[in-house]
2 protein chains.
Amino acid sequence: MKNARVLIVDDEKNIRDLLEAGLKFAGFSVYSVGTGTEAVAVAEKAKPDILVLDVMLPDQSGFSVTKKLRSMEIYIPVLFLSARDDGADKVTGLTVGGDDYMTKPFSIDEVIARIHAILRRTQKQEAEDSILEVGEIKINQDAHEVYVNGTEIELSPTEYKLLRFLMSNPNRVMSKDQILDHVWEYDFNGEQGIVESYVSYLRKKIDPLSKNSLIQTKRGVGYMFRTFKED
Amino acid sequence: MKNARVLIVDDEKNIRDLLEAGLKFAGFSVYSVGTGTEAVAVAEKAKPDILVLDVMLPDQSGFSVTKKLRSMEIYIPVLFLSARDDGADKVTGLTVGGDDYMTKPFSIDEVIARIHAILRRTQKQEAEDSILEVGEIKINQDAHEVYVNGTEIELSPTEYKLLRFLMSNPNRVMSKDQILDHVWEYDFNGEQGIVESYVSYLRKKIDPLSKNSLIQTKRGVGYMFRTFKED
DNA sequence: TATAAACCTGAATATACCCTGAGAAATGGC
DNA sequence: GCCATTTCTCAGGGTATATTCAGGTTTATA
């Protein structure tokens, strides 16, 4: 689903900006608002394909936003965002239908992946599928399974997200800062060294099964997932 | 029965919205109203395939709604909803023919399962639908019987619903939040730990009879019902 | 070649996550 | 009302994971 239209609803401007930049870069058309009232108004007029909706808004809960929309016969799938330990917003029954749910802090690429998953499920057109295959590696995003030349390897959640990010940008060097911004949660305040560690973990699992060195280091620049001619 | 048309009748807007979203995603065309009078009017005009009907309505009882419809020669099967303490026995007298009833609070996937069951009984087509078979496990949804490689196992109601949900989404990781929202009643207020407990119960009953580990843990992500090639 | 910067990787640590048994509380059948 | 089943919570133990760090290795460049 290219050029899907996303409405972001969050009262924290930081989060809105982060999401807006990330989703625009990922090819979405983005609207963003800070209150539930605005959300209902914009959703009614613009009819976006999906909502990214904070559960805790200043004027009303994200839950009541979806209720209002549904009472207006407007059915838009929702990716809910909520603070991790905020027990107050733990409303069950939130993810009915094709909806999904993530806790803050999130990583921007995880948000993008979830949006794609929701659109796959709700817009039954198999235009985009859950398989991401680049060169010798195939990722089944529904099952969270990774295959190197047909052999499955077990990755931790962070290893998985890092590999998915690199494979989404093949033959393009990604700096460690870019990787941190996309793969790690937005409040992570560690050092770049952790990227080196995780690249090392990935190589240890991938290289024994691959013909080529798929994750290349560009010294002083970053890392790159490479593809090769004739496989 | 794809694209069956459902009329929801409930005075609580929350419940209507919950049902509406869930049933639409499950592939039904949905109408919804809040009173018995509207229900009769819409049912007469739209002739839905099934009614989901709250027993306690503000203007009249669900019973009188069905009576009115039958006096108008309109026969539509009904799934009654009643509050737990309203005396469920009163409802049993209401169910004639293919009707069914359930008590609030319900789980959304259970409602969908009951609707499918009623439609199977009343529209005699595709009776095979009641068998859900994925890999080594077969569920007879009419009889509530579960077989692992041909051997029947006894499951509690919650174990059954959890297994059915996982099997309805094979090879797709489902998060604990999603599982809670679909399998547990909508007012459930507990923690994710209960999902772990029930997965443990299920495994204890399934694993001794199955060749593969059918319910897989994706650490940090959720659980998945897996199928295997050449089984 | 010498030097510094960048990178790799093993080890150490704290923590998050998951499994399971046990028991309390709720439910349902008789 | 009583007993059996089921639901739900909780805590202990075990393991995977995230993160940091230090020592070794490679690379660029003077």
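Just so you know, these numbers use all the heavy atoms, side chains as well, and skip hydrogens, waters and symmetry mates. To find a chain, count down the sequence lines: A is the first, B the second, and so on, and within it residues start at 1. The model shown is predicted, which means the values in this text are computed figures rather than measured ones.
When the local axes at the two ends of the helix from dT1(C)-dA30(D) to dC30(C)-dG1(D) are compared, using 5 base pairs at each end, they differ in direction by 30° after rounding to 10°.
Scanning atom types as modelled, one donor and one acceptor separated by under 3.5 angstrom connect the side chain of Tyr201(B) and the base of dC8(D). Evaluation of atom-type donor-acceptor distances gives no pair under 3.5 Å for the side chain of Tyr160(B) against the base of dT7(D).
Residue order along DNA chain D, read from the 5' end via each residue's closest nucleotide, puts Tyr198(B) first among Thr158(A) and Tyr198(B). Each of Ser156(A) and Pro157(B) was matched to the nucleotide of DNA chain D holding its nearest heavy atom; the match closer to the 5' end belongs to Pro157(B). Nearest-nucleotide assignment on DNA chain C puts the 5′-proximal partner with Ser200(A), out of Ser200(A) and Gly222(B).
Between Glu191(B) atom CD and dT7(D) atom P the separation is 19 Å, expressed in whole Å. As rounded to whole Å, 14 Å separates atom P of dC7(C) from atom CE of Met224(A). Between the CD atom of Gln216(A) and the C1' atom of dC8(C) there is a distance of 16 Å, rounded to whole Å. The interatomic distance linking Ile194(B) (CD1) with dC10(D) (P) rounds to 11 Å, in whole Å. Whole-Å rounding puts the Leu180(B) CG to dT7(D) P distance at 14 Å.
Between Val6(A) and Val52(A), the closest side-chain pair of non-hydrogen atoms falls below 4.5 Å. Considering only heavy atoms from C-beta on, Ile137(A) stays 4.5 Å or farther from Tyr147(A) through its side chain. Under the 4.5 Å side-chain criterion, counting only non-hydrogen atoms from C-beta, Val134(A) is in contact with Phe225(A).
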Check the pair Asp54(B) / Lys104(B) against salt bridge (Lys or Arg N to Asp or Glu O under 4.0 Å), numbers first and verdict last.
CA-CA 10 Å; Asp54(B) 189 15; Lys104(B) 297 180 187 178; 3.4 Å; yes

Working note: Asn212(B) + Glu136(B), criterion side chain to side chain contact (heavy atoms under 4.5 Å, CB included); need CA distance, chi angles, decisive distance, verdict.
CA-CA 9 Å; Asn212(B) 301 296; Glu136(B) 302 183 48; 3.2 Å; yes

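Nearest to the side chain of Ser197(A), among dT9(C), dC18(C), dG21(C), sits dT9(C).
Note on Gly193(A): nothing from the nucleic acid sits closer than 4.0 angstrom, heavy atoms only.
At dC8(C), one or more side-chain N or O atoms of Thr217(A) fall inside 4.0 Å of OP1 or OP2 (strictly under the cut-off). Taking only side-chain nitrogens and oxygens, Lys218(A) never comes nearer than 4.0 Å to OP1 or OP2 of dA6(C). When the side-chain nitrogen and oxygen atoms of Trp184(A) are compared with OP1 and OP2 of dA18(D), none of them lie within a distance under 4.0 Å. Checking the phosphate oxygens (OP1, OP2) of dA6(C), no side-chain nitrogen or oxygen of Lys176(A) falls inside 4.0 Å. Within the structure, every side-chain polar atom (N or O) of Tyr223(A) is placed at least 4.0 Å from both OP1 and OP2 of dA6(C).
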I need a per-nucleotide contact map over nucleotides 22-30 of chain D, read 5' to 3'. Cutoff is protein heavy atoms under 4.0 Å; write B for the base, S for backbone only, - otherwise.
----BB---

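One side chain, Ser82(A) or Tyr101(A), offers a donor N or O that lies under 3.5 Å from an acceptor on the other. The closest side-chain donor-acceptor pair between Arg121(B) and Ser130(B), if any, does not fall under 3.5 angstrom. Looking at Glu20(B) and Ser32(B), their side chains do bring a donor and an acceptor atom within 3.5 Å of each other. Using modelled atom types and a 3.5 Å distance limit, the side chains of Arg203(B) and Ser210(B) yield no donor-acceptor pair.
Screening Tyr160(B), Phe165(B), Tyr223(B), Trp184(B) for a ring pair (Phe, Tyr, Trp, His ring centres under 6.0 Å) with Tyr198(B), the sole residue that qualifies is Trp184(B).
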